[in-house]
Structures are given as C-alpha cells and as structure tokens.
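Each remark here refers to the structure printed beneath this line.
Here the structure is a predicted model, which is why all the values come from computation and not from measurement. Side-chain atoms are counted along with the backbone in the values below, which use heavy atoms only and exclude waters and symmetry mates.
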There are 2 protein chains.
Amino acid sequence: MDFRQLQYFVAVVEEGSVSGASRRVHVAQPALTRQIKLLEDSLGTQLFTRHSQGMQLTITGRALYEDAQDLLDQRQQVIARLAALDNGLSGKLSLGITVTHLWLPMVAELLGAYRKRYNGVAFEVFPLLSGPQLERLQQGKLDAGILYLDDEAPAGLSSRLLHRDSLILAVPESSPLAEAAPNSLSALNDEDFVWGARSASPVYYDRVLSHLHRLGFNPRPVQYGADNIAILSMVAAGLGMAVVPASAGESTVIPGVRYLRMKELDECSMPLCFAWRSDNDSPTLANMIALVDETLSLEMDRK
Amino acid sequence: MDFRQLQYFVAVVEEGSVSGASRRVHVAQPALTRQIKLLEDSLGTQLFTRHSQGMQLTITGRALYEDAQDLLDQRQQVIARLAALDNGLSGKLSLGITVTHLWLPMVAELLGAYRKRYNGVAFEVFPLLSGPQLERLQQGKLDAGILYLDDEAPAGLSSRLLHRDSLILAVPESSPLAEAAPNSLSALNDEDFVWGARSASPVYYDRVLSHLHRLGFNPRPVQYGADNIAILSMVAAGLGMAVVPASAGESTVIPGVRYLRMKELDECSMPLCFAWRSDNDSPTLANMIALVDETLSLEMDRK
DNA sequence: CTTCTCAATACCTTTCCGGTATACCCATGG
DNA sequence: CCATGGGTATACCGGAAAGGTATTGAGAAG
C-alpha cells in the first residue's frame with residue numbers, strides 16, 4: 001500500500017471509473033488498472049466490483065476510501081508543517097535578556113517585530129543576567145541572548161553589537177551629592193558603594209572596574225545586590241551610592257534615587273550584544289538574526 | 001515522500017546511523033543513503049547532520065520522526081481494519097425478523113451464536129413482518145430476513161429453510177369451544193374470525209387460505225389485526241377466534257386465549273426461511289449464512 | 001600514524017512503472 | 001442481429017527508479 005496507489009484509488013473512486021481517473025491524474029488507463037489491482041492484491045481484498053460501465057466500490061473499498069483520504073491529507077499536512085518549520089515560520093525560539101534592557105527602544109522594537117512577523121513561533125523570553133545567559137547559551141539551553149560581551153565573542157559564539165551602554169551614578173536623594181554632582185569620580189573615594197557580584201555579569205564588572213581604576217577611583221563596596229533593581233533599591237534606602245548602566249537608570253524609576261550623569265562615566269562603553277551559538281542552525285534563530293541585521297542597518301541609516 | 005522512505009527514515013533515526021539501519025531493514029547502505037537523500041530533496045529540507053560516526057537529527061528531522069511514526073502506524077491500522085472488514089469480523093449486518101419468531105429455539109440460538117462469535121459486528125435486528133421484510137430485502141435496505149417464503153425464493157433472493165411452522169386455533173376462553181374442540185374446521189363456518197392483512201405477509205396468508213379452502217372451510221372475518229399480537233389480543237377480548245402460526249401461539253401467552261391444536265391445521269406447513277439478496281457480498285452476511293448452514297446441519301444430526 | 005567506522009560515490013543489475021496497441025465485455029441503438 | 005461506444009483487462013516495450021557490489025573519503029579512536 002503506497003501513497004501513489006492511494007492517490008490513484010481515490011481518483012478512481014471519485015471519477016467512478018478507471019478511464020475517468022486516468023484523465024484526471026494524467027496516467028494511462030492500463031497503468032491505473034494495474035496499480036489498482038496491485039493495491040487489491042497487497043491488501044488481499046476486493047475494492048471494486050467491475051462493471052462494463054465503471055467500477056463500483058465494495059464495502060471494504062468504501063472503508064478504504066475514507067482512510068485513504070485521511071492518509072493523503074495527513075501527508076500533506078506533514079509536508080506543510082515541515083516547510084513551515086524549515087522557514088522558521090513555526091518552531092520555537094528561546095531568548096535570554098536582562099530585564100532592564102527590555103526598555104531599550106531598539107530591543108523592544110526587535111522583539112515586537114519578531115513576535116509579530118513570526119507569530120507561529122513559540123517565542124520564549126527568559127529574564128537572565130549576562131553571566132547565566134552566557135552559560136546557558138554555551139550549554140545549548142538558550143537559542144540566543146542579549147547580554148554584555150566583549151567585542152569579539154567567546155569561541156563557538158557569534159554576535160552582533162546592538163547598543164553601547166554608558167554608566168551613570170545613582171545616589172540616594174538624602175545625600176548632599178544629590179544636589180551638587182562632583183566633577184570627578186576621585187572625589188567619591190570615601191563614599192559607601194553598593195556593588196554587584198562579578199558572576200552576574202563578568203564582562204560588565206571587569207570593564208567597569210578597569211575603567212574606574214584607570215581614573216584613579218577605587219570604590220569601597222559595603223553592600224552587594226543580586227541585580228540592578230536590587231542595587232538601586234539599596235541606594236533608595238540610603239545604604240550607599242552605585243554605578244549602574246545608563247539603560248538601567250533610564251528604565252528604572254525608583255523614588256529616593258537621583259541619577260547623575262558624569263563625563264567620566266559617559267566615556268565608559270559597555271557593548272550590549274545579541275549572541276548565539278555559531279553551530280545552532282535553527283531556522284527560527286536564523287530569522288531572528290536576519291531581523292537583528294535588518295534592524296541594525298535601519299539604525300545605521302537613521303544616524 | 002513515500003511510505004518506504006519513511007520506513008527507512010525511521011530506521012535510520014532509531015539506529016542512529018545508516019549502516020545500522022541497513023542491517024535492520026536488510027537493504028544495502030548505499031541504497032539507504034540515497035533514499036534518505038531523495039527524501040530530503042523531496043521535502044526540500046535537511047533531516048540529518050552527517051557526522052563521521054553517524055547521523056544526527058536536525059530540528060525538522062525530529063519533527064518528521066514523530067509524524068512518520070504516526071503515518072506508518074496509521075497505515076498498519078488501515079490494513080488491519082480492512083482485513084477485519086473483509087473477514088466479516090467487523091462491519092455491520094442488519095436482519096429483519098417477526099418478533100414472535102424470536103422465541104423459536106433455533107432462531108434464538110442462531111442470533112445468540114452470531115452475536116457472540118462476531119462481537120465486532122454492529123448487528124442490528126429489525127422487528128418486521130414478512131411483507132415489509134421482503135420489500136426491504138429487495139431494496140437492499142436489509143441484509144437478511146427471517147420470514148415466510150415459498151420453497152423457491154423470489155428472483156434475486158437466496159434462502160435457507162429454517163423451520164416449518166404449523167397452524168393453531170386460538171379461541172376466547174369464554175367460548176364454549178374452548179372446552180370441547182371440534183373435530184373439523186368445517187364446523188366453524190359460522191363463527192366470527194379475526195384475520196390479518198394480506199400485505200403483512202402475503203405468502204403466509206395465501207398458503208393459509210388455500211389450505212383452508214381445500215378443507216372446505218371459508219372463515220368469515222369480522223376484524224383485522226395488524227400482527228399476531230394484535231389478533232390474539234382481539235381474541236382475548238372475545239371478538240372472535242383466529243388461526244395463527246403455532247410459533248406465535250407458543251410464544252404469546254395471553255390471558256383469555258385458549259389454544260387448540262387440530263389435525264387439519266397441523267397439516268398446513270408454513271416454511272420459515274432465512275433469506276438474503278443473492279448479489280449481496282457483504283462478508284458479515286457470508287458469515288451469517290455459514291452459521292445458518294452450520295446450525296441447520298447440527299439440527300439435522302440431532303434428528 | 002594506523003585502523004576502524006561510517007557516509008558518499010560510481011557503476012551495474014533488476015525491478016517496477018508507465019505508455020501504446022489491442023482484445024474483450026456489455027449496453028445501446030439502428 | 002450487428003455495429004458502435006463506453007468501459008476494463010492483457011501483452012509487450014522502453015525508461016526510470018531501486019537495490020546490490022566495490023570503492024573512496026572523512027573523522028574518531030587506538
């Protein structure tokens with residue numbers, strides 16, 4: 001029992017005769033006659049009663065007719081489904097991102113555009129800091145991530161630079177500095193600082209620290225927060241001041257925190273990248289990469 | 001996309017390599033390699049990533065794997081279902097019968113045995129008199145019937161003689177005849193009779209009437225009943241007496257009716273037959289016919 | 001570096017499929 | 001009663017497709 005034979009069979013049933021079916025499927029009548037007979041033989045049953053003016057279904061033939069249509073339909077559906085999968089029109093895509101970056105206009109635009117254009121894809125966004133993102137990317141648990149990376153991605157990963165973040169100083173409203181920002185960071189050597197764990201985002205912290213050291217500034221950490229939200233909450237509570245990414249400062253409005261821009265912090269550039277495993281050939285990912293490139297070139301034009 | 005290719009594909013997936021699959025399906029490895037490639041081409045997609053130590057499914061390959069199993073399973077089910085249909089192990093069978101005949105031991109045994117042996121068959125019994133049964137049989141609305149037929153069945157029908165019914169006289173308990181049966185029917189020429197419609201069972205009535213006429217007895221009908229139950233109810237009500245089949249008399253115990261056997265009525269033979277359209281090739285019917293023959297030959301042995 | 005495994009390629013043989021020509025069957029109509 | 005026209009079945013041929021053997025090529029393991 002073969003798909004071809006089933007197609008012929010259905011044609012014969014619907015045309016009521018081999019000759020009619022022969023015209024419909026563009027196959028000569030004797031070939032059809034033979035295939036129908038082979039089908040009957042392989043099933044060990046009689047599907048038609050032959051008359052001089054056509055073929056009439058037997059009871060078991062009628063049963064096969066319904067099943068044959070189902071089988072043929074399902075084959076079509078399988079083919080269509082695979083094509084959709086292969087074009088990245090269906091399937092799944094998992095993306096890691098640090099929640100504060102969701103507020104960046106280009107990121108919001110990117111994710112919104114993807115969800116809209118590829119609405120058949122199960123698109124999952126995982127809120128993760130850069131460190132865990134990198135780990136899961138390398139383990140293959142994540143298709144893509146939006147995270148802080150050095151300009152050249154680690155081995156096995158590919159990336160696109162989405163945005164260069166700068167730094168900003170967050171001080172408690174109660175602090176005298178809230179009203180009068182210092183000219184230089186070196187004036188803050190005696191202040192209490194709230195800091196984050198290096199493992200949460202190694203690239204970020206290494207770059208921040210080396211930048212600050214170059215300026216002759218050695219902050220004194222008194223508290224550690226798990227992420228920027230936690231750090232800023234501590235600042236609001238007056239536990240100290242903090243250096244955070246500008247994007248986190250812009251997106252996170254917390255009562256009791258005053259943000260201060262400083263030239264020395266503006267000069268520190270934090271590359272925020274879209275990254276994925278180079279050997280991940282998922283079509284949904286390919287579409288996402290294409291969309292990233294598209295968005296980036298639009299961005300270029302805009303400037 | 002072909003069933004054969006799907007089988008090969010599944011084998012390759014489950015063995016993890018073309019070579020393994022080749023051993024499993026008893027087809028040389030290059031042939032398999034080629035079929036897999038053809039499958040990929042026909043779907044326009046990559047199903048495996050080739051490694052030196054085997055083949056690994058791609059995402060779309062994994063999707064096809066599940067669908068392929070489904071398709072192959074369904075093919076098997078279709079084949080099995082057709083085989084069952086063809087053996088008469090499933091399907092449907094409709095049978096007409098006059099309800100009073102359900103009490104005949106041989107009929108009860110026959111229907112019970114069929115239902116038990118072919119429990120996958122949708123077996124429907126329609127309570128119908130002989131006339132309507134014949135009509136529906138000829139129209140193909142009924143697969144078989146148990147009805148009064150002449151010894152040779154009408155054109156287009158085949159039959160087996162199941163049983164020879166005789167006649168019996170039913171009189172109201174209130175009648176003086178209930179206590180003293182007459183020797184001859186001719187003594188009843190002046191009695192009121194309850195009769196049935198010829199169309200309900202033409203063969204039956206024609207035979208009964210010709211038999212009675214031969215005996216010089218011309219009953220005077222005063223009431224007509226739709227079936228034997230109705231006729232006997234009228235007898236019970238004292239509206240008259242009736243001649244009914246012995247089987248109806250034995251099965252239908254109605255208060256107020258006394259049954260009288262008479263030699264002249266015993267001699268009238270009513271052939272009760274199992275009948276079907278000769279051109280009906282339903283396997284369920286074929287099994288029923290075989291069962292009838294089986295039962296009849298058992299019956300013969302018993303005597 | 002050798003060896004082993006496995007996939008890919010080349011080439012041949014066989015099988016299967018479709019096409020043409022024709023026989024056959026039956027219903028219809030002159 | 002025979003011709004005709006619809007249909008199916010059979011015979012036979014050519015080409016395409018599938019399978020087999022032998023061999024090459026590419027990695028992984030020893």
Side-chain angles (χ1 to χ4, degrees), chain A residues 1-58 60-61 64-65 68 72 75 155-156 278-279 281, chain B residues 1-58 60-62 64-65 68 72 75 156 278-279 281:
Chain A
M1 189 171 99
D2 194 347
F3 276 126
R4 179 159 22 99
Q5 292 174 334
L6 290 181
Q7 275 171 321
Y8 292 169
F9 170 74
V10 167
V12 170
V13 172
E14 289 175 355
E15 298 293 326
S17 74
V18 177
S19 318
S22 134
R23 287 186 282 274
R24 169 158 142 191
V25 300
H26 307 296
V27 167
Q29 169 260 317
L32 278 189
T33 295
R34 187 147 50 94
Q35 289 303 319
I36 294 294
K37 193 168 305 201
L38 285 175
L39 178 59
E40 287 182 328
D41 288 352
S42 81
L43 293 172
T45 189
Q46 195 83 356
L47 297 173
F48 295 98
T49 54
R50 271 75 167 170
H51 298 100
S52 61
Q53 69 210 21
M55 316 263 284
Q56 199 192 357
L57 276 180
T58 61
T60 111
L64 178 60
Y65 177 53
L72 291 170
R75 179 171 76 151
S278 313
D279 63 356
D281 60 351
Chain B
M1 189 170 98
D2 194 349
F3 275 126
R4 179 158 21 98
Q5 292 174 334
L6 289 181
Q7 275 173 320
Y8 291 169
F9 171 74
V10 168
V12 171
V13 172
E14 290 175 355
E15 297 293 327
S17 74
V18 177
S19 318
S22 133
R23 287 186 283 274
R24 170 159 142 191
V25 300
H26 306 296
V27 166
Q29 168 258 318
L32 278 190
T33 294
R34 189 146 47 94
Q35 290 303 319
I36 295 293
K37 194 169 307 206
L38 285 174
L39 178 60
E40 287 181 328
D41 288 352
S42 79
L43 294 172
T45 189
Q46 195 84 355
L47 297 172
F48 294 98
T49 53
R50 272 76 169 169
H51 299 100
S52 61
Q53 70 209 24
M55 317 263 285
Q56 200 191 354
L57 276 179
T58 61
T60 110
R62 196 152 26 233
L64 178 60
Y65 177 54
L72 291 170
R75 180 171 75 152
S278 313
D279 63 356
D281 61 351

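- The backbone N or O of B:Gln46 lies less than 3.5 Å from a partner atom in the side chain of B:Thr58, making a donor-acceptor pair.
- With contacts defined as side-chain heavy-atom distances shorter than 4.5 Å, the pair B:Val18/B:Arg50 does not qualify.
- Rounded to 10°, the angle separating the first-five-pair axis and the last-five-pair axis of the helix from C:dC1-D:dG30 to C:dG30-D:dC1 equals 10°.
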| message | Assess the residue pair A:Thr45 and A:Leu47 against the criterion (side chain to side chain contact (heavy atoms under 4.5 Å, CB included)); give the C-alpha distance rounded to whole Å, side-chain angles, the decisive distance to 0.1 Å, and a yes or no. | response | CA-CA 6 Å; A:Thr45 189; A:Leu47 297 173; 3.9 Å; yes

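- Of all heavy-atom pairs between B:Gly20 and B:Ser17, the closest is N-OG, 2.9 Å.
- A heavy-atom distance below 4.0 Å to DNA chain D is reached by these residues of residues 33-47 of chain A, ordered by number: A:Thr33, A:Lys37.
- OP1 or OP2 of C:dG18 lies within a sub-4.0 Å distance of a side-chain N or O belonging to A:Arg4.
- Residues A:Leu39 and A:Met1 approach most closely at CD1-CG, 4.0 Å, considering heavy atoms.
- Contact check of residues 24-31 of chain B against DNA chain D (heavy atom, cut-off under 4.0 Å) returns B:His26, B:Val27, B:Ala28, B:Pro30, B:Ala31.
- Here CG of A:Leu43 is found 6.5 Å from CG of A:Leu64. Values are rounded to the nearest 0.5 Å.
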Return a table of donor-acceptor pairs under 3.5 angstrom between the side chains of residues 2-11 of chain B and protein atoms on other chains or two or more places apart.
residue: B:Gln5; atom: OE1; partner: B:Asp2; partner atom: N; Å: 3.3
residue: B:Gln5; atom: NE2; partner: B:Gln35; partner atom: OE1; Å: 3.3

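- Using a 4.0 Å cut-off between charged side-chain N and carboxylate O, A:Glu40 and A:Arg34 make no salt bridge.
- A straight line from CZ of B:Phe48 to C1' of C:dA8 spans 15 Å, rounded to a whole angstrom.
- Taking a heavy-atom distance under 4.0 Å as the criterion, the stretch of DNA chain D touched by chain B extends 5' to 3' from D:dA18 to D:dA28.
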Listed pairs under 3.5 Å, donor-acceptor, residues 23-33 of chain A side chains, sequence neighbours left out:
residue: A:Arg24; atom: NH1; partner: A:Glu14; partner atom: OE1; Å: 3.2
residue: A:Arg24; atom: NH1; partner: A:Glu15; partner atom: OE2; Å: 3.1
residue: A:Arg24; atom: NH2; partner: A:Glu14; partner atom: OE1; Å: 2.6
residue: A:Gln29; atom: NE2; partner: A:Thr33; partner atom: OG1; Å: 3.1
residue: A:Thr33; atom: OG1; partner: A:Gln29; partner atom: O; Å: 3.2

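- Looking at heavy-atom distances under 4.0 Å, A:Tyr8 makes contact with sugar-phosphate atoms alone, never a base.
- Here the CG atom belonging to A:Leu57 is positioned 8.5 Å from the OH atom belonging to A:Tyr65, to the nearest 0.5 angstrom.
- Put simply, B:Ser17 has no side-chain N or O that comes within less than 4.0 Å of OP1 or OP2 on C:dT5.
- At the heavy-atom level, B:Ser19 lies under 4.0 Å from the strands shown only through sugar-phosphate atoms.
- Computed from coordinates, the B:Gln56 CD to C:dC6 C1' distance equals 15 Å when rounded to whole Å.
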